[in-house]
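Structure record follows, encoded as structure tokens.
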Amino acid sequence: MKLSTRHLALLALTGSYLIWGATPPIFKWSMEEIPPYTLGFLRFMLASLIILPFAYKKIAIKKDDFTKLLTLAAVGITLSIALFLVGLQLTSSINTPIIQALTPLLMIIGSVWYLHEKLQKRIVIGGAISVIGILLIVLQPILMTGPDGSIPGNLLILLSVFCAVVYTLLLKKYNLPYPTVTIVFWTFLFGGLLFLPAFLTELVLFQPFAHFDMKALIGVGFGAIFASAIAFFLYAYSLKYLTASEVSIFIYIEPIITILVAIPLLHETLHPIYIVGSLIVFLGIFVAEVHRNPHHHRHLKHKHLHHHP
């Protein structure tokens with residue numbers, strides 16, 4: 001049976017979210033052996049090399065755009081991923097996709113504030129509902145056992161999401177005249193290079209290559225090959241053939257995959273507060289996203305795609 005283009009696009013989209021869902025627990029597991037900035041540096045340097053053959057014919061950028069791409073890389077790759085990785089070390093990996101699910105709502109609020117777009121009533125209501133769910137998950141440790149390292153970890157992941165939103169708004173404002181693959185290549189390369197000082201510090205303090213085992217190798221390889229290069233191409237392909245409403249539904253896959261990987265790999269557990277908080281978050285997203293302008297949504301998703309941790 002020959003699959004239609006639409007079916008192939010749905011399979012590609014499913015593949016990208018399966019990879020991104022597995023990313024937080026795999027990174028957390030590999031960081032038991034590799035420090036976060038070493039993982040960040042190796043991941044993005046390797047990813048930029050993998051993408052280079054697909055980008056080299058379109059690699060030229062104007063001198064004036066160099067600073068813009070450097071700014072995008074600093075905010076959207078180096079700062080955002082550094083916060084994400086350090087936060088991930090301190091909290092449960094299953095918390096990350098739920099906190100990251102706030103991204104579309106923050107993007108809308110940011111568009112209103114920064115790009116002066118019109119705010120709609122259902123977005124305000126949906127946003128308020130989701131924030132209640134996020135607060136439940138972020139503050140879950142206090143509600144369950146009293147304060148611990150998870151709260152700073154959850155807050156760092158939340159800050160990582162803010163960086164992703166700032167990155168996307170800047171990208172929309174800059175409106176760079178290049179194919180997506182060109183922007184991805186340069187932001188990955190600059191983002192990786194900006195990790196260099198922190199990587200060199202870890203090299204001196206922890207000597208990561210002295211005990212660079214299979215865990216570390218899987219983390220770097222999965223991050224560069226699957227979470228960056230393969231997921232990016234699958235996602236980019238799917239966006240050509242699917243509507244915004246079809247794409248937005250797939251955000252619900254990610255936490256399920258994270259849980260399925262995190263429970264056997266890291267022995268993480270699901271608390272009732274986590275389940276209730278997650279349902280509230282997704283209810284808020286549903287309220288805010290339903291009947292949105294598909295073209296606007298699609299544009300933002302397409303521009304945002306390569307930021308995903």
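Please read these numbers as outputs of a predicted model, since none were measured by experiment. Only heavy atoms go into these numbers, but all of them, side chains included; no hydrogens, no water, no symmetry mates.
Thr258 places a side-chain N or O within 3.5 Å of a backbone atom of Gly21 that can act as its donor or acceptor partner. The backbone N or O of Thr38 sits less than 3.5 Å from a side-chain atom of Glu202, completing a donor-acceptor pair.
To the nearest 0.5 Å, the span separating CD1 on Ile50 from CE on Met45 amounts to 12.0 Å. The CG atom of Leu83 sits 12.0 Å away from atom CG of Leu88, with the distance rounded to the nearest 0.5 Å. For the atom pair Leu242 CG and Leu10 CG, the distance stands at 5.0 Å (nearest 0.5 Å). Taking CG of Leu158 as the start and OG1 of Thr91 as the end, the distance is 11.5 Å to the nearest 0.5 Å. Taken from CZ in Phe185 to CD1 in Ile51, the straight-line distance is 8.5 Å, to the nearest 0.5 Å. A distance of 9.5 Å separates CD in Gln207 from CG in Leu205, rounded to the nearest 0.5 Å.
Looking at heavy atoms from C-beta onward, Ile230 lies in side-chain contact with Ile19 at the 4.5 angstrom threshold. Annotation: side chain of Leu200 is not in contact with side chain of Val204 (no heavy-atom distance under 4.5 Å). No side-chain heavy atom of Glu254 sits less than 4.5 Å from a side-chain heavy atom of Ile98. By the 4.5 Å heavy-atom criterion applied to side chains, Arg43 and Ser228 are counted as neighbours.
Between Lys68 and the options Leu171, Ile183, Leu176, a side-chain contact (heavy atoms from CB on, under 4.5 Å) holds for only Leu176. In summary, of the residues considered (Phe54, Phe195, Phe44), a ring-ring contact (aromatic ring centres under 6.0 Å, His included) with Phe188 occurs for Phe44 alone.
In this structure, Val138 and Ile151 approach most closely via the heavy-atom pair O-CG1, 3.6 Å. Between Ser238 and Leu13, the closest heavy-atom pair is OG-CD1, 3.4 Å. Taking every heavy atom of both residues into account, Gly15 and Leu234 meet most closely at C-CD1, 4.0 Å. Closest approach of Phe84 and Ser160 over heavy atoms only: CB-OG, 3.5 Å. Across all their heavy atoms, Thr96 and Ser93 have their closest contact at OG1-O, 2.7 Å. Closest approach of Pro35 and Pro208 over heavy atoms only: CD-CB, 3.7 Å.
Aromatic ring centres of Trp186 and Tyr178 lie farther apart than the 6.0 Å criterion allows. When ring centroids are compared, Tyr37 and Phe199 stay outside the 6.0 Å threshold. Ring pair Phe66/Phe190: centre-to-centre distance below 6.0 Å.
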May I have the list of side-chain donor-acceptor pairs in residues 273-287 shorter than 3.5 Å, sequence neighbours left out?
{"from": "Tyr274", "atom 1": "OH", "to": "Ile94", "atom 2": "O", "distance (Å)": "2.7"}
{"from": "Ser278", "atom 1": "OG", "to": "Tyr274", "atom 2": "O", "distance (Å)": "2.7"}

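Linking ILVMFWY side-chain heavy atoms closer than 4.5 Å, directly or via other members, places Phe232 and Ile59 in a single hydrophobic cluster. Ile263 and Trp29 fall within a single hydrophobic cluster, where Ile, Leu, Val, Met, Phe, Trp and Tyr are joined by side-chain heavy atoms under 4.5 Å apart, directly or via other members. A single hydrophobic cluster is seen to contain both Phe209 and Met31, as judged by linkage of ILVMFWY side chains at heavy-atom distances under 4.5 Å, directly or through other members. Hydrophobic clustering keeps Ile109 apart from Val112 (ILVMFWY residues linked when any side-chain heavy atoms are closer than 4.5 Å, directly or through intermediates). In this structure, Leu196 is a member of the same hydrophobic cluster as Leu72, with clusters built from ILVMFWY side-chain heavy atoms closer than 4.5 Å.
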Verdict with reasoning, Leu194 to Ile77, per side-chain contact (heavy atoms from CB on, under 4.5 Å): CA-CA 9 Å; Leu194 289 169; Ile77 300 291; over 6 Å; no
Evaluation steps, side-chain contact (heavy atoms from CB on, under 4.5 Å), between Asn95 and Ile157: CA-CA 9 Å; Asn95 290 358; Ile157 289 178; 5.9 Å; no
Worked check of side-chain contact (heavy atoms from CB on, under 4.5 Å) between Tyr241 and Leu8: CA-CA 9 Å; Tyr241 305 105; Leu8 285 172; over 6 Å; no
Worked verdict on Asp213 versus Glu32 for side-chain contact (heavy atoms from CB on, under 4.5 Å): CA-CA 10 Å; Asp213 66 356; Glu32 290 169 7; over 6 Å; no
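Environment of OH in Tyr174: crowded, with over 12 heavy atoms of neighbouring residues, nucleotides or ligands closer than 6.0 Å. Other residues, nucleotides and ligands contribute only 12 or fewer heavy atoms inside 6.0 Å of the NE2 atom of His7. Residue-environment remark: CZ (Phe162) stays at or below the threshold of 12 foreign heavy atoms within 6.0 Å.
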